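All residue numbers refer to positions in the sequence shown, counting from 1. Here the structure is a predicted model, which is why all the values come from computation and not from measurement. Just so you know, these numbers use all the heavy atoms, side chains as well, and skip hydrogens, waters and symmetry mates.
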Amino acid sequence: MAYRNLEIGHRGAVRTITVNRPDKLNALNRETLNELTLAFAQAAQDDAVRVVVLAGAGDKAFVAGADISQMNGYTAIEAQSFSRTGQRLMSSIERLGKPVLARIQGFALGGGMELAMCCHLRIASEKARFGQPEINLGLIPGFGGTQRLLRLAGRSAALELCLSGATITAQRAYELGIVNRVVAPEALDETVNALADQLAAAAPLAAASILDCVLQGGETSLDQGLEFETQAFALMFATEDMKEGTSAFLEKRKAAFKGS
């Protein structure tokens, strides 16, 4: 289907979803949130899609935040609805069952940082900047920022960023555990594509199970999480992924031993 605020691209088993509002620094209005929700639902249902890359159009911003011009006139009830719409989207991305990579080339602020944090992996350009500046507007994060930042970077970092509203560099975000890799701007696409291709080639049921174990099992006690892992591990033995993967691994190892 045609989207007003998104561009959808395909490269093999990798689908790229790009927020395309560069004149607004890709800010998230309600229409864009709804389109993203639909685009990710379609990616979840398409068996040909193994990995999703989430990006922002232009050079300046991944997503610079929620659309303040739209939010400015909200009542408390309308703001609650907007927050829930954003949180449902973020949760649906996190629980997609397929790896989602955020390609971050510029500003990821407010709702943009929240959107990046719900992705499973984040690759940032050295030029990228991160922050939860809502307090500067007399607000707080509304799309899960207090909660996902807490889980990614810990309580101290979450409180510092949310209370100060400060913007941090990509390197500082890496040091805090918010991003997985920081690369030179000219290496961003190559790095994202290589990682996406690697994940797309992996066993899809095993990848989905790993996501479940980390994201859902990780929210329980250690004993419950370990039991979650055991059950998921056992289920893999009933899949073609496991049989094909084991056979391929043994063949590669046999060939390696012959050559040594």
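- Between the side chain of Ser209 and the backbone N or O of Ala206 there is no donor-acceptor pair closer than 3.5 Å.
- A distance-only check finds a donor-acceptor pair linking the side chain of Lys98 to the backbone of Ala43 [under 3.5 Å].
- The distance from the CG atom of Leu109 to the CD atom of Glu134 is 9.0 Å, given to the nearest 0.5 Å.
- Put simply, the side chain of Leu54 reaches to within 4.5 Å of the side chain of Phe40, judged on heavy atoms.
- Within 6.0 Å of atom CD in Gln87, more than 12 heavy atoms from other residues, nucleotides or ligands are found, so the atom counts as buried in its surroundings.
- Between Leu101 and Val192 the shortest heavy-atom distance is CD2-O, 4.0 Å.
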**Request:** Decide yes or no on side chain to side chain contact (heavy atoms under 4.5 Å, CB included) for Arg129 and Thr169, but give the supporting numbers first.
**Result:** CA-CA 5 Å; Arg129 295 294 182 268; Thr169 65; 4.1 Å; yes
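- A single hydrophobic cluster is seen to contain both Ile68 and Leu139, as judged by linkage of ILVMFWY side chains at heavy-atom distances under 4.5 Å, directly or through other members.
- With values rounded to the nearest 0.5 angstrom, Thr146 atom OG1 is found 8.5 Å from Arg151 atom CZ.
- The local environment of CZ in Phe233 is sparse, with at most 12 non-hydrogen atoms from other residues, nucleotides or ligands closer than 6.0 Å.
- Using a distance-only test at 3.5 Å, with no hydrogens or angles considered, a donor-acceptor pair links the side chain of Asn26 to the main chain of Phe62.
- Atom OH of Tyr174 has 12 or fewer neighbouring heavy atoms from other residues, nucleotides or ligands inside a 6.0 Å radius.
- Clustering ILVMFWY residues whenever any of their side-chain heavy atoms sit less than 4.5 angstrom apart, transitively, puts Leu38 in the very cluster that holds Val100.
- Between the side chain of Asn180 and the backbone N or O of Arg122 there is at least one donor-acceptor pair closer than 3.5 Å.
- Here the CD atom belonging to Glu240 is positioned 10.0 Å from the CG atom belonging to Leu205, to the nearest 0.5 angstrom.
- Note that CD of Gln132 and CD1 of Ile168 are 9.5 Å apart. Values are rounded to the nearest 0.5 Å.
- Ion pairing between Asp189 and Arg103 holds under the 4.0 Å rule for side-chain N and carboxylate O.
- Side chain of Glu114 to main chain of Gly145: a donor-acceptor pair is present (N/O by atom type, distance under 3.5 Å, no hydrogens or angles).
- Put simply, the residue from Leu161, Thr167, Val179 that forms a side-chain contact (heavy atoms from CB on, under 4.5 Å) with Phe130 is Val179.
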**Asked** Please walk me through it: do Val49 and Gln42 pass side chain to side chain contact (heavy atoms under 4.5 Å, CB included)?
**Response** CA-CA 9 Å; Val49 176; Gln42 291 173 333; over 6 Å; no
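- Rounded to the nearest 0.5 angstrom, Thr85 OG1 and Gln80 CD are separated by 10.5 Å.
- No side-chain heavy atom of Leu211 sits less than 4.5 Å from a side-chain heavy atom of Leu96.
- Side-chain contact between Met113 and Leu149 is present, with at least one heavy-atom pair separated by less than 4.5 Å.
- You'll find the side chain of Tyr3 reaches within 4.5 Å of the side chain of Ile8, heavy atoms only.
- Using a 4.5 Å cut-off on side-chain heavy atoms (C-beta onward), Asn29 and Arg21 make contact.
- Neither Leu152 nor Leu150 shares a network with the other; the hydrophobic side chains, linked directly or stepwise wherever heavy atoms of I, L, V, M, F, W or Y lie under 4.5 Å apart, form separate groups for each.
- Follow the hydrophobic side-chain contacts under 4.5 Å out from Val53 and you never reach Ile17; the two are in separate clusters.
- Other residues, nucleotides and ligands contribute only 12 or fewer heavy atoms inside 6.0 Å of the CZ atom of Arg84.
- In this structure, Glu35 contributes its side chain and Asn5 its backbone to a donor-acceptor pair below 3.5 Å.
- Shown here is Ile140, whose CD1 atom has no more than 12 heavy atoms of other residues, nucleotides or ligands within 6.0 Å.
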**Request:** Start with the C-alpha gap between Leu89 and Leu28, add the side-chain angles, then the distance that decides, and say whether side chain to side chain contact (heavy atoms under 4.5 Å, CB included) holds.
**Result:** CA-CA 12 Å; Leu89 166 64; Leu28 300 173; 5.9 Å; no
**Request:** Begin from the C-alpha positions of Asp212 and Phe228 and carry the test side chain to side chain contact (heavy atoms under 4.5 Å, CB included) through to its verdict.
**Result:** CA-CA 9 Å; Asp212 280 346; Phe228 194 103; 4.0 Å; yes
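- When atom types are taken as modelled, the side chain of Ser83 and the backbone of Ala79 share no donor-acceptor pair closer than 3.5 angstrom.
- Counting only distance, with no hydrogens or angles, the side chain of Thr220 and the backbone of Gly225 share a donor-acceptor pair below 3.5 Å.
- If you chain together hydrophobic residues whose side chains sit under 4.5 Å apart, Val19 and Phe82 fall into the same group.
- More than 12 heavy atoms of other residues, nucleotides or ligands lie within 6.0 Å of CG in Asn136, so this atom counts as buried by the packing criterion.
- Within the 3.5 Å criterion, the main-chain N or O of Arg88 finds no donor-acceptor partner in the side chain of Ser91.
- The pair Asp59-Lys127 does not meet the salt-bridge criterion, since no charged nitrogen lies less than 4.0 angstrom from a carboxylate oxygen.
- The environment of Arg30 atom CZ is dense: over 12 non-hydrogen atoms of other residues, nucleotides or ligands sit within 6.0 angstrom.
- Here the side chain of His120 pairs a donor or acceptor atom with the backbone of Glu94 at under 3.5 angstrom.
- One finds the CZ atom of Arg50 at 11.5 Å from the CG atom of Leu199 (value rounded to the nearest 0.5 Å).
- Around atom CD of Glu190, no more than 12 heavy atoms belonging to other residues, nucleotides or ligands sit under 6.0 Å away.
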